[in-house]
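Below: the structure, in structure tokens.
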There are 2 protein chains.
Amino acid sequence: MKRLTGKDVARAAGVSASAVSRAFTAENRLNKATRDHILKVAAEMGYRPNALARSLIKQESDLVAVVVGNTDGIYDKDFFNHLSTALQKRGKWALQIRSEDQENLAETLGKALMYPVAAAIVRAGTVDPQAIENSKQMNVPLIYTGLGPVIKGADCVWLNYKSGGLLGTRHLVRRGCKKIAYIGGIKGFTADTGRRDGYLEALQEAGLQPHSISQTKFDFESGMQIALNLLQSDNPPDAFYCVSDAAALGALNAAKSLLNLRVPEDVAIVGSDNMPMASWPCFDLTAATNPIDEIVQNLMETLEARLANLDQQEMSVVVEPQLVIRGSA
Amino acid sequence: MKRLTGKDVARAAGVSASAVSRAFTAENRLNKATRDHILKVAAEMGYRPNALARSLIKQESDLVAVVVGNTDGIYDKDFFNHLSTALQKRGKWALQIRSEDQENLAETLGKALMYPVAAAIVRAGTVDPQAIENSKQMNVPLIYTGLGPVIKGADCVWLNYKSGGLLGTRHLVRRGCKKIAYIGGIKGFTADTGRRDGYLEALQEAGLQPHSISQTKFDFESGMQIALNLLQSDNPPDAFYCVSDAAALGALNAAKSLLNLRVPEDVAIVGSDNMPMASWPCFDLTAATNPIDEIVQNLMETLEARLANLDQQEMSVVVEPQLVIRGSA
DNA sequence: ATGAAAGCGCTAACAG
DNA sequence: CTGTTAGCGCTTTCAT
């Protein structure tokens with residue numbers, strides 16, 4: 001991995017190494033003529049300062065760890081793409097760190113923290129105190145987002161899940177649904193508990209009993225399977241409120257494609273997330289939003305505020321979902 | 001960004017800095033007792049060697065640049081997730097680099113190459129010679145994949161696009177379709193030209209004329225719009241061969257949901273990619289595969305071969321698509 | 001305005 | 001087996 005160094009350029013340009021360095025850093029002034037000359041020579045040689053060495057001496061880094069936890073749905077992929085793009089627009093580079101299962105998350109994050117990242121943005125269903133401890137020790141600010149709860153010791157940007165559950169379920173109640181089933185997510189994930197709380201509260205407001213509460217991995221397949229079972233049971237629901245769009249689309253497929261039911265007449269369906277796909281004509285899904293742009297925007301603001309002042313108090317931003325009403329409910 | 005150093009640990013453990021270093025590198029032997037002691041102290045303090053400093057001296061890096069070009073469809077998101085995971089399993093870290101438009105790709109890659117990455121994996125529709133030149137200068141091996149053509153000066157892992165076009169179109173011909181339209185991608189992308197070539201050749205074999213050739217951004221919306229226009233025209237096609245699953249699902253929506261046509265009776269539809277979504281009951285899409293696992297596997301093998309021997313000849317792997325027949329054609 | 005020299009955190013060669 | 005020393009590529013005083 002032989003790589004051109006500043007020294008090589010210095011030699012070629014007939015200047016000192018420090019001159020080359022100064023040519024590449026705005027702060028230190030340099031005679032315009034020499035700077036231009038150095039930059040020209042450097043460009044010809046294809047030289048670029050080594051970000052690692054620079055980082056080492058400046059004690060700062062443009063790297064941001066983006067930690068993908070135990071959540072890998074369609075929504076999440078979209079989310080991380082937006083996040084990477086937003087980081088890059090702000091001069092940061094996203095170092096992707098993935099952990100299949102929750103147990104490994106702290107360990108994986110630990111390994112990744114060998115790189116001197118400016119911060120770590122973590123999206124995971126539950127939060128490992130060890131991970132927080134690790135990054136504390138490394139002085140890496142941690143920002144949690146997405147499925148997790150509000151954390152002591154880390155900044156958070158999260159969705160008001162309960163509000164989504166309330167909005168979605170109240171809408172089904174208003175439609176006149178009486179037997180509303182909850183298709184939930186992974187146990188312990190705030191995205192699940194929050195939305196379920198909203199669901200339960202909305203039912204209570206209306207004096208209704210929950211029809212049933214089930215669990216998925218937030219995904220299409222399990223959403224479809226559960227809906228199929230429930231709809232074929234002795235006491236089928238007349239509506240589903242679903243913890244994710246993916247699960248809702250699964251339920252929609254079970255109802256329309258597999259059982260030839262009419263949606264929303266026979267069974268009404270509300271999802272959560274409002275992914276672009278929700279608006280496709282074949283789905284036309286009513287859903288509570290989980291607005292990626294807004295969340296990413298808040299993450300960027302939180303990140304910048306945190307980097308500007310490492311010692312300030314923990315920040316917590318809550319994004320409010322909205323209900324987008326379409327044909328499915 | 002004050003961070004614990006090996007020196008701090010050395011002081012605390014009453015040993016030298018090199019002892020600490022040796023404790024963290026398997027190669028250099030160390031008395032088991034001292035090693036254990038050092039590791040214990042380090043763990044208590046939460047110390048981790050700085051990967052940047054290590055990289056600087058070892059002249060090698062665990063970073064791999066993953067360059068996301070002007071392609072951001074559902075398939076691509078999936079692809080990059082698999083790629084990051086595969087890299088991490090092999091002890092590499094994916095540094096995400098995104099470029100909205102093709103023009104910026106070389107420039108963005110250039111900036112990212114300030115980080116001493118072991119290699120760069122690029123997935124883009126077209127290839128900028130400047131990007132190749134840049135990475136050559138930085139001695140960073142470049143591996144192209146996906147939409148691009150086979151490149152001089154870089155390793156490639158790509159799909160046999162033409163074969164996909166042949167398989168898909170021949171299948172429509174066998175079904176008895178006579179007016180087969182091609183819904184294509186972005187002009188100049190090999191994913192488009194290759195599949196179109198296959199489409200044209202299959203038609204020629206059958207003595208048929210192309211019904212029409214149109215362009216999308218490989219996406220759902222433009223696929224839907226184009227299909228809608230064609231199906232409402234004076235001379236509607238009886239089949240679509242589509243450059244991507246996303247475009248095919250758009251066409252499917254236009255036919256079934258918007259125009260109430262029967263698929264495949266009124267119009268048959270074949271996609272390309274075979275994303276998981278293609279098998280959803282509401283779609284049941286016949287598609288030529290673009291097998292992520294196989295491509296990523298080949299990328300990993302190419303990467304490892306390249307890193308093992310930087311000077312060996314360019315490698316090129318071609319993955320063959322298969323036709324998965326479902327209900328849509 | 002520019003060069004020389006020190007040092008960021010680490011590892012590898014060299015002593016002992 | 002372990003400590004001392006040098007140096008990776010860069011930026012930043014401190015001189016000039």
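Order of the sequence lines fixes the chain letters, A, B, ..., with proteins taken first and strands second; residue numbering starts at 1 for each chain. Side chains are part of it too, since the values below use all heavy atoms of this structure and drop only hydrogens, waters and symmetry mates.
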- Calculate the interatomic distance between B:Arg11 atom CZ and D:dG3 atom C1'; express it in whole Å. 16 Å
- Item | Selection from D:dT12, C:dC10, C:dA12 that lies nearest to any side-chain heavy atom of B:Ile57 | C:dC10
- Task: Can you figure out which of C:dT2, C:dG3, C:dC8 approaches the side chain of A:Ser16 most closely?
- Result: C:dG3
- Message: Which nucleotide wins on minimum distance to the side chain of A:Ala19, given the candidates D:dG9, D:dG3, C:dG3?
- Response: C:dG3
- Exactly one candidate in B:Val296, B:Leu303, B:Asn298, B:Ile121 meets side-chain contact (heavy atoms from CB on, under 4.5 Å) with B:Val157; the answer is B:Asn298
- Note on the structure: From CG of A:Leu52 across to P of C:dG7 the rounded distance in Å is 22 Å
- Item | Cationic N near anionic O, under 4.0 Å, B:Lys32 to B:Asp36 | yes
- Per B:Thr34 side chain, nearest of listed nucleotides D:dG9, C:dG9, D:dT2: D:dT2
- D:dT12, C:dT11, C:dC10: which one has an atom nearest the side-chain heavy atoms of B:Thr25? C:dT11
- Task: Measure the distance from CD on A:Gln59 to P on D:dC10 and round it to the nearest whole Å.
- Result: 17 Å
- Residue closer to the 5' end of DNA chain D, B:Asn31 versus A:Val20 (nearest nucleotide): B:Asn31
- Query: Which nucleotide in the list C:dT11, C:dT2, C:dG7 gets nearest to the side chain of A:Arg22?
  - Reply: C:dT2
- Query: What is the distance from CE of A:Met114 to P of C:dG9, rounded to the nearest Å?
  - Reply: 15 Å
- Across the strands shown, which category fits A:Val15 at heavy-atom distances under 4.0 angstrom: base, sugar-phosphate, nothing? sugar-phosphate
- Task: Could you state the atom-to-atom distance from CZ of A:Arg3 to P of D:dC10 in whole Å?
- Result: 7 Å
- Kindly indicate whether the side chain of B:Ser18 and the base of D:dT4 share any N or O donor-acceptor pair separated by less than 3.5 Å? yes
- Task: Take atom NZ of A:Lys58 and atom C1' of C:dG9, then tell me their distance rounded to the nearest Å.
- Result: 18 Å
- Item | Rounded distance (Å) that lies between atom P of D:dG9 and atom OH of B:Tyr115 | 18 Å
- Query: Is NZ or CZ of B:Arg123 both nearer than 6.0 Å to the six-membered ring centre of B:Tyr144 and within 45° of the ring axis?
  - Reply: no
- Query: C:dG7 P sits how many Å from A:Arg54 CZ, rounded?
  - Reply: 22 Å
- Message: Measuring from the side chain of A:Tyr47 (C-beta onward, heavy atoms only), which nucleotide among C:dC8, D:dT11, D:dC10 has the closest atom?
- Response: D:dC10
- Heavy atoms, side chains only, cut-off 4.5 Å: are B:Ile295 and B:His82 in contact? no
- Below 4.0 angstrom from OP1 or OP2 of C:dT11, is there any side-chain N or O of B:Ser21? yes
- Task: Identify whether the distance between the nearest side-chain nitrogen and carboxylate oxygen of A:Lys77 and B:Asp78 falls below 4.0 Å.
- Result: yes
